[in-house]
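Chain letters run A, B, ... following the sequence lines, proteins first, then strands; residues in each count from 1.
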Amino acid sequence: DTVDIDFQLDWRFEGPSAPFLMSASRGYFEDEGLDVSIDSGSGSAETINRVASGAYDMGFGDLNALVEFLANNPDAPSLSAVFVVYDGSPAAVFAKKSSGIEEPADLAGKTLAAPSFDTGRRAWPLFARANDLEADSVSWDSVDPALREQLLASDDVDAITGFYFTSLLNLESRGIAEEDLVIMPFPEYGVELYGNVIVARDSFIEEHPEAVSGFLRAFTRGMAATLEDPDGAVDYVLERDDLVERDMEVRRLKLAIEGSIDTPAARENGLGAVDMERLELTIGQVADVFELEDNVPSAEDVFNSDFLPDQDDRMVFPD
Amino acid sequence: MTATATTNAAPETGRPFVAFDHVSLAYDDSGNAIEDIDLTITEGEFVAFVGPSGCGKSTFMKLCTGLHQPTAGRITVDGAPVNGPLKITGMAFQNATLLPWRTTLDNVMLPLEIVQPHRSRLRRHRKDYVEKAMGLLQTVGLDGYADSYPWQLSGGMQQRASICRALIHDPRLLMLDEPFGALDAFTREELWSVLQDLWRQQRFTVVLVTHDLREAAYLADTIYVMSKRPGRIIEQRQVPFPRPRHLELTYTSEFSDLVYDLRARIGSIREENTQ
Amino acid sequence: MTATATTNAAPETGRPFVAFDHVSLAYDDSGNAIEDIDLTITEGEFVAFVGPSGCGKSTFMKLCTGLHQPTAGRITVDGAPVNGPLKITGMAFQNATLLPWRTTLDNVMLPLEIVQPHRSRLRRHRKDYVEKAMGLLQTVGLDGYADSYPWQLSGGMQQRASICRALIHDPRLLMLDEPFGALDAFTREELWSVLQDLWRQQRFTVVLVTHDLREAAYLADTIYVMSKRPGRIIEQRQVPFPRPRHLELTYTSEFSDLVYDLRARIGSIREENTQ
Amino acid sequence: MSFLRLSPEMQLRLAPWAAVALLLLIWEGTVRALGVPQYIFPGVIDTADALIQFHQPVARHAWQTFWTTVIGFAIGVVVGLLLGVIVGSSKFMYRACYPLLVAFNAIPKVAFVPILVVWFGIGTVPAIITAFLISFFPIVVNVATGLATLEPEMEDVLRVLGAKRRDVLFKVGLPRSLPYFFASLKVAITLAFVGTVVSETVASNQGIGYLMMSAGSQMRMPLVFAGLVAISVMAMVMYQFFAWIENRMTGWAHRR
Amino acid sequence: MSFLRLSPEMQLRLAPWAAVALLLLIWEGTVRALGVPQYIFPGVIDTADALIQFHQPVARHAWQTFWTTVIGFAIGVVVGLLLGVIVGSSKFMYRACYPLLVAFNAIPKVAFVPILVVWFGIGTVPAIITAFLISFFPIVVNVATGLATLEPEMEDVLRVLGAKRRDVLFKVGLPRSLPYFFASLKVAITLAFVGTVVSETVASNQGIGYLMMSAGSQMRMPLVFAGLVAISVMAMVMYQFFAWIENRMTGWAHRR
Ligand SMILES: Nc1ncnc2c1ncn2[C@@H]1O[C@H](COP(=O)(O)OP(=O)(O)OP(=O)(O)O)[C@@H](O)[C@H]1O
Ligand SMILES: Nc1ncnc2c1ncn2[C@@H]1O[C@H](COP(=O)(O)OP(=O)(O)OP(=O)(O)O)[C@@H](O)[C@H]1O
Ligand SMILES: Cc1ncc(C[n+]2csc(CCO)c2C)c(N)n1
Ligand SMILES: [Mg+2]
Ligand SMILES: [Mg+2]
C-alpha cells in the first residue's frame, strides 16, 4: 500500500525544481512506497498557506515565511520544516554598474523596486543592519515580480531585490550582462537567513512519519543525481513543461546550486540539515524585522530533524 | 319595438355574469378615470360601449379582466370577485400588441400555450390547433401571412391577427377594444358577420368598445354610453333587432333611427358638458 | 356639379408638387406591395387615399416622404427626386409612436428641435413655441395632459397628440395616416373642422389615408381609391363641394350620393377581385 | 419577522441594509461553522477589527483607489459610448469591430500593466488606463445593442422630419438605449474597480491594491479582507449614485 | 481600395477579416515605428514565430483553458439567468440584491483563488469557479433590466389569459430581453476567459494562464503574447458561435 502525497512546489516548473521532478519521474518516490503528485506553486510564501490549510501535505517553501506563519497563527494547524534545500537565501540586490553603485552604502537615498512579498525586500532591514545602512534610507516601488528587472533596465529605479537566479537571468534577457551588474547576494553580505525548505503538515507527519522519511530519502537521491548532472536533470523539467527553455533552466539550476545549495555549511553538515544555533538566530532576526510580537516559535517548533536521512547519505556534493 | 325585442333572446335567458358594483378607478392623483360604474352583464350578452376618446373605455376593459384593481367598488365575474386576471377571457387590445418575436400564426396560437385545457392538449393535437388557427386567419383574410412577423403586416392586418388571438381558445368572455378601428368599411362589415356567427354558435359574453355607432347598433344587445372623463354610464340602450342580423338591416329606417337617436343623445350630453 | 367645382380652387392653381412615375415597391420577395402608381398631387391639394386593409396606403405614405425607396419608378417632390427623407414633411403615423421618455408636450415639440428654422430659434423663442404647442394641444382637447407621458394617455389621446406633432412645425406636406381612426364621431368631426381651417389658412399639401369615406369626401379635393394588394390606383375622384365645407354638407344628398357612389364603386371592384 | 410587519415602502428602503446584514451573518456563520482559519478566510469580526484598527491607512488608500477608478471609469464611459455608437449604427462596423472588441476584452488586463508601467511609470496613470481599458466594453455592448435593436418605427418619427443621423441618435437612439446604458454602467463600475486594484497590485505604492498586496505579503488576511470590504463599499456608493441618476432619467422605462 | 469595389454583402463578410488584418498591421507598424523592444511588447512577427514554434503546447494549453472557460461560463449563464430573473421580477429583491451584487463584483476575483485552492486544490476546479464567479454578473444585470423595463402592455397580453408569473416570464419577459441577454453573453464570455486565465496564473499546472506565467517568468514575451493571441482567437470563436445563435433567435429585433 502506497501513501499519497500532494506536493506543492514554490513556483513554476523551473530548473530548481528538477530534483523533485526527477525523483518522481525516475520512480525514487515509488521505491519508497509513495505516490507523489507535484503541482507548480505561486510563491514560496504561498506554499506555507497551502500546506497549513491542508490543500497539500508537503511543499517547498520559504523558511522565513514559515516562521512568520507560525508566529501569526498559533492556533492554526501547525507545520514544520523537515529539510533545508536553499541553505542560503537566494535573495540579492542588483544594481547597474553604470549607476555608480558599488557597495551597500551607495544605496542610501536610492529607489529600489520589488514586490512587497519579495524576501529580499522584507529582509531588507537585516541587509541594511549588516552593512551599516539605515533601513529606511531607501524608498521602495512595489511592483510585480516580472516588472522589477524591466524597471532596472530602463533606469526607472536604481536597484532591485530578487532571487539571484531569477533576476540575473531576467536582466540578461533584457540585454544586461552579468559584468555590467553589481550583485549583492544576501548570504555574502552578512544575512544568514535560510532559504527554501521542504515543509510538511504536522498532522501528516503524525499519520505517516515513514512517508516523510521516505520522501526525503528519495529527494536526496534526486538531488544527488541533479548535482551530478544538472544538464540531464533539466530533462525532467522539460518533461513536465515543454515550454521552458532548456539552456535557461540549466543556468538557473546551476546558479541556484552555486549560490544557495552547494554552500560551505551544506557541504560540511550534509544536505538538508539545519544549524540550530543559526536557525535560532535567524528566527530572532525574522521576528524582529517582520515585527512579530508574540508567539515567536522556537527553533524546535520550526524545524523537525527527525526525518532527515542519515548524514552519510546526505553528503551528496560532487567534488 | 317591444315585439321585436322578445326575439332577442340573449339578455333574458342569461344569468348575471359580469357585475360592477359602484366601481371607480384612479390611476394616480389626477382624479378618477372612471367613476361609479354600476352595471350587470348577463351570460351570453353582447354589449357595446361607446363614449368620447379618453373617457375610460379601455380602463373599463382592464377592470373587467382583472388587469387592474378598482380603487372603489367591487367587481364580480361569474359569481366570484375579481382579484386578479381571469382565465376565461379573450381580449383584443386597442393597439394590437402582437409579440414581435412570433410569427402571425404563433401569435394567434399563444393563448393555447397558456389556457387549459388547450395547454395540456397542444402538444399532442398540434395539427388540429394549427388548422383551427389557420381557419381563423382565413376568415379575417390573413391566410398567406401566417408566417409573417407582425412588423411585416399593415396596421389593419395586425388588428385582425389580434382578433384571431382573442378568439382562438374559445373564451367565455370576449373583450374587444375597438377591434375594427383600422379596417376599411368592407372588411369591417365582413368581420361583423363573422363575429356575429361565432357568437351565435358559442354564445360567449362579448364586451365591445367601438366608436362606430352603426357597429354598436348592428352587433350589440345592449349599448352603454359613457360620459367624458371621469367616465360614468350615462345611457343604457337595449337594441331591439332580432337575430341573426343582416347587413340589409343597416339600411332600414329603424336602424338609422336608432343610430341617429344615439348620436343625438350623445351630442346633447356633450353640449351640456361643455356648457 | 361643374359649377360648384370651379369654386374648389386648390387643384387648379397649384403646380405639381408630388409626382409618382410608375412607382412600385416590393418589401421582399413576396411580390409588390404597391404597383405602378402614377399620379400627381399639386401644391396645396388635399388628397385622400382609401382602400382595403393591407393594400399599401401606409406604404405609399412612406414612399412619399422618402422613408422607403421605390423598387421601380421615380418619385419627385417639389421638383426634386426623392432620395431620402424630406425636410418639409409632417407626418402622423398610423400608430401614434410617441416617444415614451417624453411628455406629451415634449413629444409635440420634437419637430421644432429638428426642423429649420425652428431649430435655431427654439432656444430663444422657447416660450412662444410652447405657447403654440399648448394651443395645438388645446384644439385637440389635450390641454391638461401636456405633462403626461404617452402611456398615461388613452389610445385616442395618443393619436391626437401625434396629430399635433405633425402640425407643429408648419410643414409644407402633411401626411396623415388614419389620424382619426381611434376617435369617436364627435371628436373626429371637430378635428375635421380644425384641419380644414388650418389647411385653408396655410395651404399646405395634405395626403390623408382614411377608411371613412365620409371623411374623405368631406375633407379632400381628390380621392384616390386603391385596389387590394398589390395596391394600384383604380379610381381617382374629384370632390366638387365648395370650401369652406361645413358639417351640414354631410347631411346633403349630394354628399351622401358621392359617398354611396364611392362605396358602390369599391364594392364592385371587390366583387370582381374575389371572383 | 417584524420586518414583514413594516409597510412595503419601508421594507423597500430597508431592503439593501437587511441584505447586507444577512450577508454578514452568513459570512461569519459559515466561517465559524466550517472552522475556516483566519489566514485563509477571516470572519466578519476579524475583518471589522482590522478595518477599525487600520481605518486611517485603509481610508487613505481607498481614497486613492476611488479617484483613480472614477477617472478611468469616466474615460471608459465616454469611449464606450462613442464605440457603442459606432458599432451600433453601422452594420459594417458591427461586423468589423465586434470580434476584435471581444478578442481584446478576453485578454486579462493585468497583462498590459507592465507595458503601461514602462510607458507611464509606476502609480496612478497605469491604474487609470487599466480601469478604462477594462470598463468600456460592457458599455459598448449595451449601447450598440440598444442602437441596433431600435425599432425602425421610432426612427422614422425623426427621419420623416429630415433629421440627420446625429439627431436620430441623440433624440431616439440614445434615449431608447438609456436603461441598458445604465445597466452597463453597473457592470462597468465594478470592472473599473477591479482594473484599478489589479493595476495597483502589479505596480503602485498606494491604493487598495497596494494595501492588499502589502498585507498579503505579511500574511495579514484580515487586513486584506478589510481592503476588499473597502472596495465593496466604494462600489456600492457608486452604485447608489448611478441608481439615483438612473431613477431620474429612466423612470419612463420602469413604470411598474 | 479594391475592397470598396466589392458588393456590400461581400464587404460585410470580409469585414471582420479586414479589421483583424488592419489591427495586425497597426500593431506591427507601431512596434516598429516606436522601436519597442521585443521583451516589452513583441510585434506580430515575433508573436507569430512563437505561435508557430510552440503550436503544440499552445494548442494543448488553449484546449484546457477553452473547456474550463466553457464550463465556468455555462454555470455563469445559468446562475446569471436565475439571479437576473429574481432581481428583475421583484422590486424588493432588486433593492436588496443589487448593491450586494455590485459590491461582490467589484472585488477582483483573483483574491478568491487561494481560498478555492484550499478547498479544491490547484487546477481546473478553481479555474471553473473563477470563470463562473466573474462572468455571471453582466448576465444578471441585462436580464434584470430586460425584465424590469418590460412594457406592461406586453405583459398584459399574457396576464389577461390568466397566465402565471412563470408563463409571463417565459413567453414575454425572457424573449423580450433576449437581445440584451445575448449582449451580456458577449461581455460574460470575455470575462469568463479572463477568470480562467487569471486562476490558471495563480493555481494551475496547465492552461494558457500557466503558459503565460511560465513564459513570463522566463521573460519570453513573444510566447506570452502567443498565449494572449490564443485567448483572443478562442474568444472570437465563441463570439461567432453566439452571434450565430443570436442571429437565429433575435432576428426580429435586428430588422434593419
Ligand atoms: N396608465 C395610466 N396612468 C395614468 N392615467 C391613465 C393611464 N391609462 C389611462 N389613463 C387615463 O385614464 C383616462 C381613460 O383612459 P382610457 O384609455 O380608458 O380611455 P378610452 O376610453 O379607452 O379612450 P380611447 O377611446 O381614446 O381609447 C384617460 O384620461 C387617460 O389619460
Ligand atoms: N416592413 C414590411 N415588410 C414586408 N412586408 C410589409 C412591410 N410593411 C408592409 N408590408 C406589406 O405590404 C402590404 C401593404 O402594407 P401597408 O401597411 O402599406 O397597408 P395599408 O394599406 O396601410 O393597410 P392598413 O389599412 O391595414 O394599415 C401588406 O401586405 C403588408 O403585409
Ligand atoms: C507570491 C510569489 N510570487 C513570486 C515569487 C517569486 N519567486 C518565488 S520562487 C522563485 C523562483 C523559483 O525557483 C521566484 C521567482 C515569490 N517569492 N512569491
Ligand atoms: Mg381606449
Ligand atoms: Mg396602414
Side-chain angles (χ1 to χ4, degrees), chain B residues 27 58 61-69 77-78 82-104 106-116 118-119 148-152 161-162 165-177 207, chain E residues 77 81 84-85 88-92 139 142-186 242-256:
Chain B
Y27 281 103
S58 301
M61 301 295 252
K62 284 184 189 160
L63 285 169
C64 218
T65 50
L67 288 178
H68 279 308
Q69 297 295 316
V77 171
D78 203 15
V82 176
N83 301 319
L86 304 171
K87 290 170 197 276
I88 53 164
T89 341
M91 180 152 175
F93 293 85
Q94 189 167 6
N95 41 0
T97 54
L98 300 175
L99 305 181
W101 52 89
R102 283 173 171 250
T103 61
T104 306
D106 287 341
N107 262 295
V108 170
M109 292 184 63
L110 178 70
L112 302 175
E113 298 169 20
I114 307 294
V115 179
Q116 293 294 12
H118 313 289
R119 186 182 184 137
S148 295
Y149 284 90
W151 47 272
Q152 295 175 315
S162 149
R165 185 176 62 185
L167 287 168
I168 186 83
H169 56 298
D170 304 323
R172 283 179 58 207
L173 177 59
L174 181 62
M175 313 289 296
L176 302 173
D177 197 346
V207 180
Chain E
V77 171
L81 260 171
V85 167
S89 305
S90 135
K91 209 156 191 160
F92 180 78
I139 301 172
N142 270 15
V143 171
T145 306
L147 295 181
T149 59
L150 181 64
E151 292 90 343
E153 291 80 23
M154 282 218 175
E155 219 174 324
D156 284 352
V157 170
L158 264 101
R159 291 214 305 140
V160 81
L161 297 165
K164 294 186 203 73
R165 282 169 71 97
R166 249 187 88 231
D167 290 325
V168 175
L169 181 70
F170 281 104
K171 303 285 178 189
V172 193
L174 291 182
R176 171 89 253 236
S177 314
L178 220 51
Y180 288 95
F181 170 69
F182 277 106
S184 70
L185 290 191
K186 288 167 201 162
F242 292 127
W244 178 72
I245 301 181
E246 183 183 13
N247 217 18
R248 305 198 53 168
M249 291 184 70
T250 68
W252 57 271
H254 292 259
R255 56 189 153 100
R256 272 174 307 167

Participant: Check whether any side-chain heavy atom of B:Trp101 sits under 4.5 Å from a side-chain heavy atom of E:Arg176, and report yes or no.
Facilitator: yes

Participant: Measure across E:Val157 and B:Phe93 and return the closest heavy-atom pair with its distance rounded to 0.1 Å.
Facilitator: CA-CE1, 3.8 Å

Participant: Under 4.5 Å, counting heavy-atom pairs only, tell me which of B:Lys62, B:Met91, B:Arg165 racks up the most with chain E.
Facilitator: B:Arg165

Participant: Based on non-hydrogen pairs under 4.5 Å, which of E:Pro175, E:Ala163, E:Gly251 is most in contact with chain B?
Facilitator: E:Pro175

Participant: Evaluate B:Arg102 against E:Lys171 for side chain to side chain contact (heavy atoms under 4.5 Å, CB included), listing each step before the verdict.
Facilitator: CA-CA 10 Å; B:Arg102 283 173 171 250; E:Lys171 303 285 178 189; 3.7 Å; yes

Participant: A side-chain contact here means heavy atoms from C-beta on lying under 4.5 Å apart; do B:Thr97 and E:Met154 qualify?
Facilitator: no

Participant: A side-chain contact here means heavy atoms from C-beta on lying under 4.5 Å apart; do E:Leu161 and B:Pro111 qualify?
Facilitator: yes

Participant: Could you list the residues that satisfy ring-ring contact (aromatic ring centres under 6.0 Å, His included) with E:Phe242, not counting sequence neighbours?
Facilitator: E:Phe73

Participant: Regarding B:Arg119 and E:Asp167, does a basic nitrogen lie under 4.0 Å from an acidic carboxylate oxygen?
Facilitator: yes

Participant: Say you draw a straight line from NE2 of B:His68 to CZ of E:Arg159; how long is it, rounded to the nearest 0.5 Å?
Facilitator: 8.0 Å

Participant: Measure the shortest side-chain to side-chain distance between B:Leu110 and E:Leu158 over non-hydrogen atoms and say whether it is less than 4.5 angstrom.
Facilitator: yes

Participant: Where on B:Leu86 is there a heavy atom nearer than 4.5 Å to chain E: the side chain, the backbone, both, or neither?
Facilitator: backbone

Participant: Who passes side-chain hydrogen bond (donor to acceptor under 3.5 Å, both in side chains) against B:Gln152, sequence neighbours left out?
Facilitator: none

